[in-house]
Structures are given as C-alpha cells and as structure tokens.
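Contents: one structure, followed by commentary.
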Amino acid sequence: MPRSYNLGRRATPKAETRARIVAAALEIYRERGLGAASNLAIAQAADVAPATVRNHFPQQDDLARATFDAMLAELRIPTAAIFDGLGGIRERIERLARELAAFYERSQPWWRVYEREPELIRAWGGGVDRYYADVERLMLAALGQLSSDERSMAVVASFIGPPAFFALKERGFNSDEAVELTLELVLPWLERRRDDLAP
C-alpha cells in the first residue's frame, strides 16, 4: 500500500526555512548594511546552505523584497482603522500624530539604515514607494474633508512625517514632546484652513 503524502508537513519546514533566511537577511541589513548581505553570509546566519537561499529566492531582488515585507510586518504600520469612532479633524490629526510617532519609534533603527544605505532603497524596489503611499493614505484619511487640499496635505506630510519627528528628537525632545509641539503648530493652521475653505 502506498504511503500517504502530507503536503502540509513538508510545507511547514519549507516555510520555517524561508522565515529563517529572511530573519537572517534583516539582521545583516540592520547591523552591517547591504554590502555585508552576501548570499554566503545570509546562509551562514540562517544556518542553511547557500543553495538553499538561492532555491527560496531565485531572483536577485526576491530576498530584498521579502525582507522589506517582513520589516513592515514587524513594524506594524498603522492603518485607517485608527480613526474608527473619531469625528473632527482635531481628533483625527491628534491620533495620526501619536500613532505615527509610535511607529517612527519602532522603526528608528530602520530609519537610520535607510539614511546610510541609499543602495538598499534600490534593492527594496517598489517597497519604499508602497511604504510612503501607505503613510500618505493614512494622512489623507486623517484630513477628511481637507484631503483634496494640496496645502493641507503638504503641511501634514512636512510636520508629521519622519524627518520632522527625528529632527525634533535630535534637538532633545522626547516622543511625546515632539508630538505636542507638532500639534501646537499644525492643528491651528488646519482649523483655519478648514474654515477658510468652508462654503
């Protein structure tokens, strides 16, 4: 009688091996940069053969894309669900600033990698564009009726985006202080803009 074949049992170790390779690549990117992330280095860190890395990621960019997706999952980028139950622009912008500040705190090590490794951006391909598009969608959702106003979007993106947040942190503000200062500047401007554009 032939032995029954269970694809699930075979798929589990394959998925675990793939996850180990991605985790090893992420660690090397974060600690030593893209230049150190050779196939051999990743294989050694994942405790697999170099051929195993190639089998799981046959195209040159496959592993870079997989690591970017894993990084975003690890960082838990906020979604528009953070605005559920909130009414006015003040509440939504406050929630946006706080949620993004927490996200920026979680992603700070990666922000530093991003700054020092421009070639990593090329390796991650469209992933970085997708990240910025996700953040922009979140900002547009926060703006509500002002979402079609380019000036409002420019103000929110400039003051609540990562560069402003990290610039305030470098000036000695903690995360909460950076958020409060940002809100002091942005909220009155947005409320005036909303009133000016009201029919």
Side-chain angles (χ1 to χ4, degrees), residues 1-82 96 98-139 157 160-170 174-175 178:
M1 183 167 160
R3 186 169 58 122
S4 65
Y5 183 73
N6 185 333
L7 180 60
R9 274 193 300 218
R10 185 169 182 264
T12 299
K14 187 173 183 178
E16 289 170 357
T17 300
R18 180 183 174 88
R20 258 192 1 257
I21 293 167
V22 169
L26 272 173
E27 190 62 26
I28 291 170
Y29 288 163
R30 183 173 26 228
E31 298 300 321
R32 294 184 277 158
L34 182 64
S38 68
N39 196 46
L40 179 60
I42 291 167
Q44 288 173 338
D47 195 27
V48 297
T52 303
V53 175
R54 285 191 299 275
N55 287 340
H56 282 271
F57 302 98
Q59 300 300 316
Q60 185 175 8
D61 296 334
D62 290 348
L63 181 55
R65 281 194 292 273
T67 56
F68 187 82
D69 290 343
M71 178 194 66
L72 284 187
E74 174 188 304
L75 296 176
R76 300 178 320 280
I77 190 167
T79 67
I82 64 173
L96 173 74
R98 294 186 198 295
E99 291 286 338
L100 282 180
F103 172 67
Y104 299 152
E105 286 286 349
R106 291 191 299 272
S107 63
Q108 186 167 1
W110 285 108
W111 182 255
R112 299 301 173 220
V113 170
Y114 177 86
E115 287 180 324
R116 76 170 190 255
E117 295 266 356
E119 60 274 3
L120 191 55
I121 298 163
R122 285 189 295 279
W124 280 340
V128 173
D129 295 336
R130 193 178 72 237
Y131 159 81
Y132 280 114
D134 288 347
V135 171
E136 184 168 321
R137 274 192 293 278
L138 200 60
M139 291 177 176
I160 302 180
F165 177 79
F166 289 121
L168 289 170
K169 294 284 302 275
E170 286 172 8
N174 68 35
S175 185

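Heads up: numbering here begins at 1 and tracks the sequence.
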Separation between CZ of F166 and CD of E105, rounded to the nearest 0.5 Å: 7.0 Å

side-chain contact (heavy atoms from CB on, under 4.5 Å) evaluation trace for H56 with V22: CA-CA 10 Å; H56 282 271; V22 169; over 6 Å; no

For E136, salt bridge (Lys or Arg N to Asp or Glu O under 4.0 Å) partners two or more places apart: none

Minimum-distance pair of heavy atoms, taken over all atoms of P78 and R106: CD-NH2, 4.5 Å

Note, F165 side chain near K169 side chain (heavy atom, < 4.5 Å): yes

Gap between atom CD1 of I28 and atom OG1 of T67 - 0.5 Å precision: 11.0 Å

Salt bridge (Lys or Arg N to Asp or Glu O under 4.0 Å) against R76, all qualifying residues, sequence neighbours excluded: none

For R54, side-chain hydrogen bond (donor to acceptor under 3.5 Å, both in side chains) partners two or more places apart: none

T52 OG1 to F57 CZ distance, which is reported to the nearest 0.5 Å: 11.5 Å

Pairs where residues 18-27 contributes a residue and the test side chain to side chain donor-acceptor pair (under 3.5 Å) is met, not counting sequence neighbours: E27-R30

Do any side-chain atoms of residues 39-51 form donor-acceptor pairs under 3.5 angstrom with protein atoms, and if so which ones, sequence neighbours left out?
residue, atom, partner, partner atom, Å
N39, ND2, P50, O, 3.4

Approximate separation, where rounding is to 0.5 Å, of R98 CZ and I82 CD1: 12.0 Å

Pairing residues for D134 by the side-chain hydrogen bond (donor to acceptor under 3.5 Å, both in side chains) criterion, not counting sequence neighbours: R137

Gap separating the CG atom of L75 from the CZ atom of F103, nearest 0.5 angstrom: 5.5 Å

